[in-house]
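Quick note on labels: first sequence line is chain A, next is B, and so on, each numbered from 1.
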Amino acid sequence: MAQKPSIPKGTRDFSPSEVAKRNYIVQKIQEQFQKFGFQPIETPSFENSDTLMGKYGEEGDRLIFKILNSGDFLRKADQKAYDAKDSLKITSSISEKALRYDLTVPFARYVVQHRNELEFPFKRYQIQPVWRADRPQKGRFREFFQCDADVVGSDSLWQEVEFVQLYDAVFSSLNLEGVSIKINNRKILSGFAEVIGESDKLIDFTVALDKLAKIGEDGVKKEMQEKGISAEAIGKIQKVFGLKGTFSEKISVLNDILETSEIGRKGIEELEFVNNAIKNLGLETAQLELDVTLARGLNYYTGAIFEISAPEEVQMSSIGGGGRYDDLTGIFGLSDVSGVGISFGLDRIYLVLEELELFPETITPNVKVLFINFGNKESLYCLKAVKQLRRAGIATELYPEEVKMKKQMNHANKRDIPFVVLAGGEEMEQQKFTLKNMKSGEQEMLSLTELQNRLKNE
RNA sequence: GUGGUUGUAGCUCAGUUGGUUAGAGUGCCUGAUUGUGGUUCAGGAGGUCGCCGGUUCGAACCCGGUCUUCCACCCCA
């Protein structure tokens, strides 16, 4: 070994048991996606840069992985930017492709491109990796998987209701209890900004408000003031900082705060609609919670905003998010198509399930029976049986080498293979097989039909 | 992108103010046991001390850089 090989920062290999667990999660999510009427699509792992750039805010642009142009890219580089060592400016002249940053923007691009083939409202799901040039932390990777479900072409609030139900259905089927579905509405946030007369500082305002739980009321106010929002203005929405109680209790305080804001009142109306519907329909294990400080991933959301918090005992930030975006396809030339969707963070859900020990034990697909190899004549005899067992749906293997039985048994043991078949000269004479149960140690001599039935019933 | 932190055998980790040949547990291989695994016993293999450079008679240990891990900020699944 000349040099230890390695993989890039923030990426991971997945070994068999990890893949099994990841597949388990994906399968549960996929199952619900399909039950709710979503159809799968896939898009390329990289897009044209201009499809992605500028869609996630300034910070987002920085986190997009750019792909260097092929060939003699320096010859075509922006000479001025090059001389000035201006990395930001030179990028567009040396890179015209980039790895996708999420699944929503590529989907919007897809919808616009395929608009004539699609039947609206169009419901799609998509489970693929995305890439972000972020600095890794626990639960933060540079390559990770998102599982998205979106609907385009319907501005009905019943879609929001359906997505809350979908979240609940998925987490219930994963036996993950205590998940909190936090909901907010961009119109509420716009309402706040309007009431304090700072509509043009909406983003700064909401980014600061989002940190309430983390840095506290004083911290938020301080940050807002640093962004140029006056103390008097902030005072006008003082009640926001002490918002407590049930969904309806919070709504009634919001009614008070946002009385003068038309857009704010619209936001309240939408939240109430969703809440009333959910109250009527009920949720299995999750709970719906109004959180007016919720503002992440705000850039293209226009209505509902969702974020999923893991159960409180786990230290993990959001494991999912989503919202409504009224004009995402507008950027690509198709206006008046409203979209709404949600995303599941596969990698974080994995970490949560692992920590809470919620993965079923029998999750790793495994061979059920290993035939011991006694030599060529015996192997041929065994392989005939192996073939029949496989046809009967039983995962079966013959040990490939004629080595010491101890080694072969050990191999079965290490791989947790529950049964071993021994078939040597004696068995061949009687046209039988000795089946050994590796757990109990019991063994018996059976005909092929008996062997098959026995394994089938296990 | 800013600040901090981590790295020693396949894995989990010791390693004294810098001092011969860097250790343990576990795992691995061989044998006790040529048609019977897990337990036990005996033996064995396995290390560029993340990497590069510096200080020193001498570096796993001190210094600088770099990569990686995790944490905080930023942002986010």
I'd like the [atom1] distance from [M] over to [N], given in whole Å.
N: B:C28; M: B:C11; atom1: C1'; answer: 11 Å
N: B:G15; M: B:C52; atom1: P; answer: 25 Å
N: B:G44; M: B:A24; atom1: P; answer: 12 Å
N: B:A72; M: B:U5; atom1: C1'; answer: 11 Å
N: B:A22; M: B:C63; atom1: C1'; answer: 23 Å

Please determine if a side-chain N or O atom of [X] lies less than 4.0 Å away from the OP1 or OP2 oxygen of [N].
X: A:Lys414; N: B:C28; result: yes
X: A:Lys9; N: B:U68; result: yes
X: A:Lys211; N: B:C75; result: yes
X: A:Lys404; N: B:G31; result: yes

Parallel, tilted or perpendicular, judged at 30° and 60°: which one describes the rings of [X] and [Y]?
X: A:Phe433; Y: A:Phe371; answer: perpendicular
X: A:Tyr101; Y: A:Tyr56; answer: tilted
X: A:His411; Y: A:Tyr399; answer: perpendicular

Of the nucleotides [options], which one has an atom closest to the side chain of [X]?
X: A:Glu59; options: B:G37, B:C75, B:A77; value: B:C75
X: A:Lys214; options: B:A77, B:C73, B:G35; value: B:C73
X: A:Met409; options: B:A77, B:C70, B:G37; value: B:G37
X: A:Met405; options: B:A72, B:A77, B:U36; value: B:U36
X: A:Glu427; options: B:C70, B:G35, B:A77; value: B:G35

Distance check needed: [N] [atom2] versus [X] [atom1], whole Å only.
X: A:Tyr101; N: B:C75; atom1: OH; atom2: C1'; answer: 7 Å
X: A:Arg62; N: B:C74; atom1: CZ; atom2: C1'; answer: 7 Å
X: A:Ile7; N: B:U68; atom1: CD1; atom2: P; answer: 11 Å
X: A:Ile417; N: B:G37; atom1: CD1; atom2: P; answer: 16 Å
X: A:Gln137; N: B:U69; atom1: CD; atom2: P; answer: 12 Å
X: A:Asn410; N: B:C28; atom1: CG; atom2: P; answer: 7 Å
X: A:Tyr301; N: B:A77; atom1: OH; atom2: C1'; answer: 10 Å
X: A:Arg415; N: B:G27; atom1: CZ; atom2: P; answer: 20 Å

Review point. Using a cut-off of 4.0 Å on non-hydrogen atoms, how would the nucleic acid contact of A:Glu426 be classed: base, sugar-phosphate, or nothing?
Key: base
With a 4.5 Å heavy-atom cut-off, do [X] and [Y] have their side chains touching?
X: A:Gln165; Y: A:Ile278; value: yes
X: A:Phe344; Y: A:Phe33; value: yes
X: A:Val386; Y: A:Glu397; value: no

What is the pairing partner of [N], taking Watson-Crick or G-U wobble pairs with both distances under 3.5 Å in any strand?
N: B:C62; answer: B:G54
N: B:A24; answer: B:U12
N: B:C41; answer: B:G31
N: B:U69; answer: none

**Study point:** Criterion ring pair (Phe, Tyr, Trp, His ring centres under 6.0 Å) against A:Phe163, the qualifying member of A:Trp158, A:Phe38, A:Phe36
**Key:**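 So the option named by the test is A:Phe38.
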Practice item. Compare the ring of A:Phe145 with the six-membered ring in the base of B:A77 and state whether they stack (centres under 5.5 Å, planes under 30°). Key: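 Aromatic stack with B:A77 absent for A:Phe145.
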